[in-house]
Number of protein chains: 2
Amino acid sequence: MRPTTKDLAKEAGVSLATVDRVLNGRPGVRNKTVEAVNAAIEKIGFVRNLSAANLAKGKQYRFRFMLPAHGDQFLGELRARIDEANQGLGVEGMVLSHQEVSHSDPHLIAETLSQIGPDKVDGVALMAPESPQVRDAALRLKERGVHVVHLISGKQQAGDFDFVGIDNQSAGATAARLLGRFNCRKEGKVVVIAETMNARDSLERRKGFDMVLTRDYPHLSALPSLETYGDPRRTRDVIANVLRNNADVVGVYIMSSEAKPALDALAAESDPQSLIVVAHELTSRTRDALMSGEADALIAQNPGHLVRSAVRLLRAHCDNRSVVKSQEVIRIEILIKENLSV
Amino acid sequence: MRPTTKDLAKEAGVSLATVDRVLNGRPGVRNKTVEAVNAAIEKIGFVRNLSAANLAKGKQYRFRFMLPAHGDQFLGELRARIDEANQGLGVEGMVLSHQEVSHSDPHLIAETLSQIGPDKVDGVALMAPESPQVRDAALRLKERGVHVVHLISGKQQAGDFDFVGIDNQSAGATAARLLGRFNCRKEGKVVVIAETMNARDSLERRKGFDMVLTRDYPHLSALPSLETYGDPRRTRDVIANVLRNNADVVGVYIMSSEAKPALDALAAESDPQSLIVVAHELTSRTRDALMSGEADALIAQNPGHLVRSAVRLLRAHCDNRSVVKSQEVIRIEILIKENLSV
DNA sequence: ACATTTCTGAGGTACGTACCTCATTTTGAT
DNA sequence: ATCAAAATGAGGTACGTACCTCAGAAATGT
């Protein structure tokens, strides 16, 4: 049997009350006593029984995911995973919610964050573009006693905060490697499609992409990033335009998380079967694209992992615990037709 | 606040004792009453508080991983993950152990399994080659009240049991696709290296591999599988031999989980940089191979996921619960230099 | 040595469920 | 209608921790 607080009290030669004071960081204990208890903890290998602690506390952990208001399929997946996790986690005393904010205006995000307090929520998983306003708002949120982790976006601005998501530069590099290796023709141009290049994430992906492409595949030249602003109409126009002006396009890298508009446009304006197409994230549309040969590979981060990892980190912060960092690394998944599984 | 058994009793119009009888499947309750309670459960959305239940039961879940006695790096990873998980899971009342058995003799495995009983262990995660003896031993184990899941090997024989691992045919297909796409030269031969072709897993991988290669890359022809029997010496001999007899080898598919001997042999007997090499599993050796260009891609299953998934399934069986199947799918990961992360 | 503050101990209740006993009611068969 | 069997209720204890109060001990300053 695992040692209990009683055993700990006996070992440390103090009372249960003192053990409790030490374990829960309550005041009124001499340093010497604290050390004695800690030594006893080490000695007998005491670990708090979380089941009992949760029961006694009767506490609910309330975590909120702040998501962009726009977004389509990938975001839908993410929300679905949040709901799914919410089902399972209710058992463990955690309640997840999500809130949508437009990403168009950093001030609006900051404003929204400023309305959150420890009375409503114990932790926030924040998916937001990098900006000073958001950065400050997150810091103030933390000062108010709400724990914060950054989700998917904002690895750079994360700073003190934990970051849950992939390294975008590596993701871009991965895309370039796949494009380069899959393309057996000698030379040609590569179209890069982004929602906007104002986002740090896009810049990172592009940076990683260019690095590998220029170094290892000099016969391929990547065209300037096309910006779609998430508008299907515009997406189609810019893609039609770039294809018209470049006869020797051999590949396409769709950088944005929402690949649907670009895939649709490609299907309409070209024969994507003859192009090497690499896109991001697994959604119903990208899955279809993979199966039909419209796309050749996907770079994905598993939304379920993202959600569960964010929750584990927030929970650990609330309990002032440490986590196994290696378990919280979100892998950059490469998906092709053959390893789609399920 | 979540409804408790008290609320449930009130809602169902029965006593706490009866609620307890229904919830824990104890006898002596009329069907009508059971239904009434179940209806009330639905109505108020009662869910058992696991923290409290665990506390009250004071039960320890003891799970044992049965692993092959031989095996090197991949198995080491697996063991490390088991230990790691054991750390974290102690908190949740679970204790993991692992036991090594030689895979050379199915009777020995069966014999070992027959010595396990519910007095020692509540569940077994069984990594063993397919064989009638093992199959029977697993069934008897289950009859004795020890839950069983199959791990990595034995998807086909799993039958009633849950299987934790990847689909080997898809894994083989994935390998073939990568080899086919990475190879831009016109034609040539592909070497396939296995530990033994007696194992069902190897056959499955080979099947998936051949399917894709013959259909989509007819200019590549896969040579008969080389068997290494896990012996470094023999590995080197067979590889040297096959390279001597085939000048036009363009790729190598290392099917076995332990890629080290084959990679070492390849490095000694050829210039692996000029070959397309696809191997299985992420270990220190395969990681190095990827970084140095000896290997071009890895097909991997995440050992941490394997362990955690097996534990979740065993736990669910013990509690007679159901699980979110989709969360328990082990992905076939494709790893290249760029997406190795950490 | 005194008063005063700071620590510590003893003991209690609570959380929600599991599991037990014993008395009582209801049911079904005769 | 009677009786045994089956079903149910009432009430208890236990799990390990959190959090509370109050009394008493020890340390501190004067």
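The shown structure was predicted, so the numbers you read here are calculated from the model rather than taken from an experiment. First the proteins, then the strands, lettered A, B, ... as listed; each starts at 1.
- Annotation: of the two residues near DNA chain D, B:Lys57 and B:Val14, the 5′-most nearest-nucleotide partner is B:Val14.
- Closest non-hydrogen pair, A:His98 versus A:Arg79, comes out as CE1-CD, 3.3 Å.
- The residue among B:Thr18 and B:Ala52 whose nearest nucleotide of DNA chain D lies closer to the 5′ end is B:Thr18.
- Residue contacts for A:Ala17: at a heavy-atom cut-off of 4.0 Å it reaches a base atom on one of the strands shown.
- Among all heavy-atom pairs drawn from B:Phe163 and B:Ile152, the shortest one is CZ-O, 3.4 Å.
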side-chain hydrogen bond (donor to acceptor under 3.5 Å, both in side chains) assessment of B:Arg308 paired with B:Asn302: CA-CA 10 Å; B:Arg308 290 191 288 275; B:Asn302 190 306; 4.9 Å; no
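- Of all the residues in residues 24-42 of chain A, A:Asn24, A:Arg26, A:Arg30 reach under 4.0 Å from DNA chain D with at least one non-hydrogen atom.
- Nearest heavy-atom pair across B:Ala310 and B:Val164 is CA-CG2, 4.0 Å.
- One finds the CG atom of A:Leu126 at 5.5 Å from the CG atom of A:Leu113 (value rounded to the nearest 0.5 Å).
- Nucleotides of DNA chain C that come within less than 4.0 Å of any heavy atom of chain B span, from the 5' end to the 3' end, C:dG16 to C:dT27.
- Ring planes of A:His317 and A:His147: parallel class, angle under 30° (limits at 30 and 60°).
- Comment: B:Arg81 engages B:Glu84 in a salt bridge, judged by a side-chain N to carboxylate O separation of less than 4.0 angstrom.
- The cationic group of B:Arg315 does not satisfy the cation-pi geometry with B:Phe63, failing either the under 6.0 Å distance to the six-membered ring centre or the 45° limit from the ring axis.
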